[in-house]
Number of protein chains: 2
Amino acid sequence: MRVIDLERLEQQLKAHSYKLTRQRRAVLRVLATTDGRLDAARICEDARAECPEIGLTTVYRTLDILADIGALRRLHLPDGCHSYAPASPGHRHHLICVGCGRAVEFEGCDLTALVDSVASKTGFEVEGHWLQLMGRCPECQSKRK
Amino acid sequence: MRVIDLERLEQQLKAHSYKLTRQRRAVLRVLATTDGRLDAARICEDARAECPEIGLTTVYRTLDILADIGALRRLHLPDGCHSYAPASPGHRHHLICVGCGRAVEFEGCDLTALVDSVASKTGFEVEGHWLQLMGRCPECQSKRK
DNA sequence: CCCCTAATTGAACATGGTTTTCATTTAGTA
DNA sequence: TACTAAATGAAAACCATGTTCAATTAGGGG
């Protein structure tokens, strides 16, 4: 699963004719192999294991690109707004562990009834939604005792 | 409705034994009487109409307090993360206009089926969720033409 | 396979929003 | 009214992110 993630990310970059540099590869690898909460500084730190000369600037640029092409989603946590997780194509959301920050994707939200009702009550045209579930992953549940 | 909002906000501050200063009153009034997008700088600017000597520092401190006691919710917009809207008690969400930033509350999201299914698939204990709808308010719809 | 060029990069600096510090002021109680 | 802890504002510190620019490099064309 992880290897596929990494390859898919590389494919996506290529598909948009971005060059596959060592720095970008390192960032992709970090994204593909980490479960935890990932802000830019942390990604940079981890990426240096594979590419020691990478700078924070490049990490930000790479994250921007990946978010642009939809390969990455920004997660919005209560305590801060910029963690990142790789995103599968299609309409997905994330379930985030409040203990360790791990993010898991899920799909199949059906909000049409809610959206219709809110739209007719308010007169808004609803264009999209943004949903995240917060919880505790199995490991953090057992750690708790 | 607006007056009630204001009084309720003041009550909530008192209930947590925070002092009701002129500065805080000014911030509360701004929150209670504005529909638009409200970041800290904007709130400060507006608050100076009622309390010219208020500083940005105090605005931030007041917003933190209000968020802590649940009187205020932070809204997370695609382009930035810190706008604020007063929050009614109970379980509500916000519908946000992508044109002007106006935020409207709604309630009645029913996600139990989704939550159950995701919980059993992932092993997470789901503790809460976070939902925002994005759309276009009536005014911004007509402005568009 | 190597050259060429546009894309990419890193360091340093700029920026902008938020927080901290600290001396002064003030709300609310006795 | 006096007192005291809480609250305030200005300035400085801080931190994440963005920009600049000269140097480097990926990857296609020869």
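Bear in mind the structure is a predicted one, so any value in this text is a computation, not a measurement. A note on names: the letters A, B, ... follow the listed sequences, proteins ahead of strands, and every chain is numbered from 1.
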[X] side chain: which of [options] is closest?
{"X": "K19(A)", "options": "dA16(D), dT9(C), dG27(D)", "answer": "dG27(D)"}
{"X": "Y60(B)", "options": "dG17(C), dT8(D), dG10(C)", "answer": "dG17(C)"}
{"X": "I54(B)", "options": "dG9(D), dG28(C), dG18(D)", "answer": "dG9(D)"}
{"X": "A40(B)", "options": "dT18(C), dT8(D), dG10(C)", "answer": "dT18(C)"}

Exercise. Can you check whether H76(B) and W130(B) have ring centres sitting under 6.0 Å from each other?
Worked result: yes
For this session: Taking the six-membered ring for Trp and the full ring for Phe, Tyr or His, determine whether the centres of H129(A) and H91(A) are under 6.0 Å apart.
Result: yes
Exercise. For E45(A), what residues pass the salt bridge (charged side-chain N to carboxylate O under 4.0 Å, His left out) criterion, not counting sequence neighbours?
Worked result: none
Problem set entry | 5' priority, DNA chain C, between R25(B) and L56(B) [closest heavy atom] |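 Per heavy-atom nearest nucleotide, the more 5' residue is L56(B).
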Rounded distance (Å) that lies between atom [atom2] of [N] and atom [atom1] of [X]:
{"X": "R24(A)", "N": "dA7(C)", "atom1": "CZ", "atom2": "P", "answer": "11 Å"}
{"X": "L20(B)", "N": "dG28(C)", "atom1": "CG", "atom2": "C1'", "answer": "11 Å"}
{"X": "E45(A)", "N": "dA16(D)", "atom1": "CD", "atom2": "P", "answer": "12 Å"}
{"X": "Q23(B)", "N": "dT26(C)", "atom1": "CD", "atom2": "P", "answer": "9 Å"}

For this session: Using five pairs at either end of the helix from dC1(C)-dG30(D) to dA30(C)-dT1(D), determine the angle between the two local helix axes and round it to 10 degrees.
Result: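 What I find for the helix from dC1(C)-dG30(D) to dA30(C)-dT1(D) is an axis angle of 30°.
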For this session: Return no unless some side-chain N or O of R22(A) is found under 4.0 Å from OP1 or OP2 of dT8(C).
Result: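 False: R22(A) side-chain N/O out of range (4.0 Å or more) of dT8(C) OP1/OP2.
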Exercise. Are L31(B) and L95(B) co-members of a hydrophobic cluster defined by side-chain heavy atoms under 4.5 Å apart?
Worked result: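 No, separate clusters.
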Problem set entry | Residue met sooner reading DNA chain D from 5', once T57(B) and S17(B) are mapped to nucleotides |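 Looking at DNA chain D, the more 5' nearest nucleotide goes with S17(B).
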Exercise. Is a donor-acceptor contact shorter than 3.5 angstrom present between the side chain of R61(A) and the base of dG18(D)?
Worked result: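 Check fails, no donor-acceptor contact within cut-off.
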Exercise. Is a donor on one side and an acceptor on the other found under 3.5 Å between the side chain of R24(B) and the backbone of K19(B)?
Worked result: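 Flag set: sc R24(B) to bb K19(B) pair under 3.5 Å.
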For this session: Could you check if a side-chain atom of Y84(A) sits within less than 4.5 angstrom of a side-chain atom of D39(A), using non-hydrogen atoms only?
Result: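 Heavy-atom side-chain distance check fails, nothing below 4.5 Å.
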